[in-house]
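Have a look at the structure below before the remarks.
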Amino acid sequence: MQLNDVESRLLDVFEAILEHPVSREVNRQSDGAWDSLRHMQLVFAVEAAFPVQFGEEEIPRLNSFRDFLERIGDPNAPSTHQ
Amino acid sequence: MHHQLTSEGHAFRLRPVGRDDAALIVRLRTEAPERIRYVHPVSPDVRRQEEWIEAYQERAGDYYWVVERKGSCAPEGLIGLYHLDEAALQAEWGRWVLRPGSLAAAESALLLYRLAFTALNLRQVYCLTVAENLPVLSFHDTCGLRRESVVPGAFTLQDGIHDAVKHVCEVDHWPAVEQRLEPMARQIGQKLMVAQ
């Protein structure tokens, strides 16, 4: 399956933070390197790479590559960021 | 032990546990079974927790803090430093439990190390983590701690006996650990300030 530009760039961010190759199926439960410190590194790296800001309440719910991708793809999604 | 050691960061602070925190401790250490799977079980009886706190306050070399939000003082979790060896100037840290969804992990660890190395002048802090607790093992690795050894049968939990991985942070290495945690704590603090 062809990756679009956003997916490809997001994968680059994930691989830079998790420090190993990942697929679109990567999630927090299955990846032993995705700890709470790297989770916040991911949040800030994604915010730096894409026009998106994550709210405090949604950060703990970003548990997979797809969660981040969906949120980036929907910049108007309601955020708890006040 | 009775102490007045506190530490304040960008978004969170550590304040000493008191008898009035018994219900909070019971709640944090008994709710969300998946989250507390790898910590020693405690009685759900608040009165027994009060008795434990009273005994803890009389015990030397044992520091227990509530992690709370600056401003609101809302509790976020618990963290402790204990088994303090005054001759070797080392202690173990643990009893680390945060509420589900808390963003206090990086800063609570940072504040704990800061107290250990700057207020208590320790030379080494170590932590024992259940060998199957991969997210916490990874957290310590990401912080830059050194894996020293595997301690067989170190934990007796509800589902049996578990080995532990011992991570160590020496005072000489503390600046490198601080360099990893401090910028993250600052960024999280800025985000939470904006969100208030």
Side-chain angles (χ1 to χ4, degrees), chain A residues 10-23 25-68 70-72 74-82, chain B residues 10-12 32 34-35 37-38 67 69 71-72 74 76-77 79 96-110 113 129 131-145 165 167 177-196:
Chain A
L10 185 59
L11 272 179
D12 288 344
V13 171
F14 267 66
E15 291 184 350
I17 299 297
L18 297 177
E19 298 185 276
H20 62 79
V22 299
S23 76
E25 309 310 316
V26 67
N27 63 70
R28 197 170 178 176
Q29 200 168 12
S30 66
D31 192 311
W34 191 336
D35 58 59
S36 54
L37 190 53
R38 282 206 169 104
H39 184 70
M40 293 309 301
Q41 290 172 343
L42 264 178
V43 164
F44 291 122
V46 171
E47 285 185 343
F50 298 93
V52 64
Q53 290 285 312
F54 301 112
E56 179 182 356
E57 299 301 324
E58 68 177 330
I59 288 172
R61 299 198 299 266
L62 295 165
N63 288 321
S64 67
F65 177 86
R66 289 177 187 276
D67 288 342
F68 278 91
E70 281 177 19
R71 185 62 175 78
I72 292 167
D74 186 4
N76 296 317
S79 163
T80 52
H81 198 79
Q82 301 291 316
Chain B
H10 299 280
F12 304 100
E34 193 53 38
R35 193 169 44 87
R37 186 173 159 199
Y38 296 118
V67 181
R69 190 83 169 251
S72 71
E76 295 274 332
I79 196 166
W96 192 31
V97 179
L98 299 174
R99 68 167 177 82
S102 174
L103 304 186
E107 189 154 76
S108 60
L110 174 71
Y113 287 124
T129 306
E132 293 87 356
N133 192 355
L134 300 183
V136 173
L137 291 178
S138 178
F139 177 87
H140 294 315
D141 292 337
T142 306
C143 288
L145 268 63
V165 174
H167 279 89
V177 174
E178 184 177 33
Q179 215 164 25
R180 293 191 185 195
L181 290 173
E182 167 58 29
M184 180 55 60
R186 187 174 59 248
Q187 274 188 292
I188 292 169
Q190 288 166 349
K191 179 173 275 295
L192 297 185
M193 288 260 276
V194 171
Q196 277 180 348

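- Inspection of non-hydrogen atoms places B:Leu134, B:Pro135, B:Ser138, B:Phe139, B:Thr142, B:Cys143 of residues 134-143 of chain B under 4.5 Å from chain A.
- Taking the side-chain hydrogen bond (donor to acceptor under 3.5 Å, both in side chains) definition, one finds that B:Arg180 meets it with nothing, sequence neighbours left out.
- Contact residues of residues 29-37 of chain A toward chain B are A:Gly32, A:Ala33, A:Asp35, A:Ser36, A:Leu37 (heavy-atom distance under 4.5 Å).
- For the pair B:Lys191 (side chain) and A:Phe44 (backbone), a donor-acceptor distance under 3.5 Å is absent.
- For A:Glu19, the salt bridge (charged side-chain N to carboxylate O under 4.0 Å, His left out) partners at least two apart in sequence or on another chain are A:Arg38.
- Both the backbone and the side chain of B:Ile188 come within contact range of chain A, with heavy atoms under 4.5 Å apart.
- Note: B:Leu103 CG to A:Glu56 CD = 5.5 Å, rounded to the nearest 0.5 Å.
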